[in-house]
Amino acid sequence: MPELPEVEALREFLDGHLVGRRVARVVPVAVSVLKTYDPPLTAIEGADVTAVDRYGKWLDITAGGLHLVVHLARAGWLQWKDDFPATPPRPGKGPLALRTVLTDGGGFDLTEAGTTKRLAVHLVRDPADVPGVSRLGPDPLADHFDRAAFAAVLVGERRQVKGALRDQSLIAGIGNAYSDEILHAAKMSPFKPVHNLDEHETDVLYEALRTTLAEAVERSRGLAAGRLKSEKKSGLRVHGRTGEPCPVCGDTVREVSFSDSSLQYCPTCQTGGKPLADRRLSRLLK
């Protein structure tokens with residue numbers, strides 16, 4: 001799933017490629033992609049793009065005073081095109097979900113791999129009209145998100161730290177991959193309860209969060225949209241690297257699997273050398 005660093009890189013890319021250009025048409029191809037119908041997509045035909053913003057993992061393209069708000073979900077992506085075929089896209093079972101064409105011939109496709117379709121596009125008068133945007137917590141890279149603000153969002157939190165970091169209503173933009181990376185940098189177990197964090201551990205976790213995300217954004221800055229996925233994978237230390245050596249201590253990266261996701265961690269760096277219980281594996285062994 002694209003997370004804050006990749007979506008921020010896409011925002012910067014689109015800011016340089018869309019702003020000042022005019023929308024010719026926006027064509028939904030997948031039935032499930034468009035979540036709003038008033039105003040209609042035709043309302044931004046002929047409108048100039050004036051801004052591209054980001055809210056957590058959401059992109060916001062402003063044109064004609066309206067906002068085309070996009071969430072790429074787990075398997076969605078944006079592909080920039082300098083030109084398009086003359087034949088309009090036909091609805092089908094392929095990955096193409098929505099096409100945006102500019103008057104000069106360029107534009108972008110939104111695609112989504114797999115059979116589970118969660119990519120979402122809203123055309124609204126205000127981004128806050130999108131429920132997923134209105135419920136977002138603070139942006140972890142915003143200037144005002146200091147250590148005190150971080151501590152404030154954790155007050156009363158009873159979950160494990162991994163789950164809290166992924167909760168978009170607490171902190172916007174962090175998903176499965178970067179929560180693993182943040183916790184590895186903080187040398188902290190993903191199963192540690194938030195309410196057990198002491199002041200020093202909160203300091204360490206805050207610094208790991210800010211540094212990990214800022215470095216990932218910097219690595220992605222200036223890359224074309226098509227290169228962002230490979231850059232993300234190459235920069236990850238533990239996520240998606242089960243069985244590989246930890247780049248810090250050399251121990252083997254381990255995994256805990258859940259019904260629809262998994263986490264990766266280093267036992268030596270994060271759990272005192274003790275492997276975490278893999279609940280799915282435990283059930284299989286019963």
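We count residues from 1, following the sequence as given. Below, all heavy atoms of this structure are taken into account, side chains as well, without hydrogens, waters or symmetry copies.
In terms of the side chain to side chain donor-acceptor pair (under 3.5 Å) criterion, residue partners of E157 (sequence neighbours excluded) are, by chain and number, R159.
For R210, the CZ atom sits in a packed shell: over 12 heavy atoms of surrounding residues, nucleotides or ligands are nearer than 6.0 Å.
Residues L165 and V256 are members of separate hydrophobic clusters, defined by side-chain heavy-atom contacts under 4.5 angstrom among Ile, Leu, Val, Met, Phe, Trp and Tyr.
In this structure, D53 contributes its side chain and D60 its backbone to no donor-acceptor pair below 3.5 Å. The backbone N or O of M188 sits less than 3.5 Å from a side-chain atom of Q270, completing a donor-acceptor pair.
Taking the side chain as every heavy atom from C-beta outward, V19 and V52 approach each other to under 4.5 Å. Contact of the L4 side chain with the D139 side chain is registered, since non-hydrogen atoms from C-beta on lie closer than 4.5 Å. Side-chain contact check for V130 versus K35: every heavy-atom pair is 4.5 Å or farther apart.
A salt bridge links E199 with R147: the distance from a Lys NZ or Arg NE/NH1/NH2 to an Asp or Glu carboxylate oxygen falls below 4.0 Å.
Ring-centre distance between W58 and H122: below the 6.0 Å cut-off.
Between F145 and Y206, the angle of the ring planes lies from 30° to 60°, which puts this pair in the tilted group.
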For this session: Let me see the working for K117 and S32 under side-chain hydrogen bond (donor to acceptor under 3.5 Å, both in side chains), right down to the final yes or no.
Result: CA-CA 7 Å; K117 303 300 182 183; S32 61; over 6 Å; no

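Closest approach of P89 and V27 over heavy atoms only: CG-CG1, 4.3 Å.
Distance check, rounded to the nearest 0.5 Å: CG of L78 to CG of L10 gives 6.0 Å.
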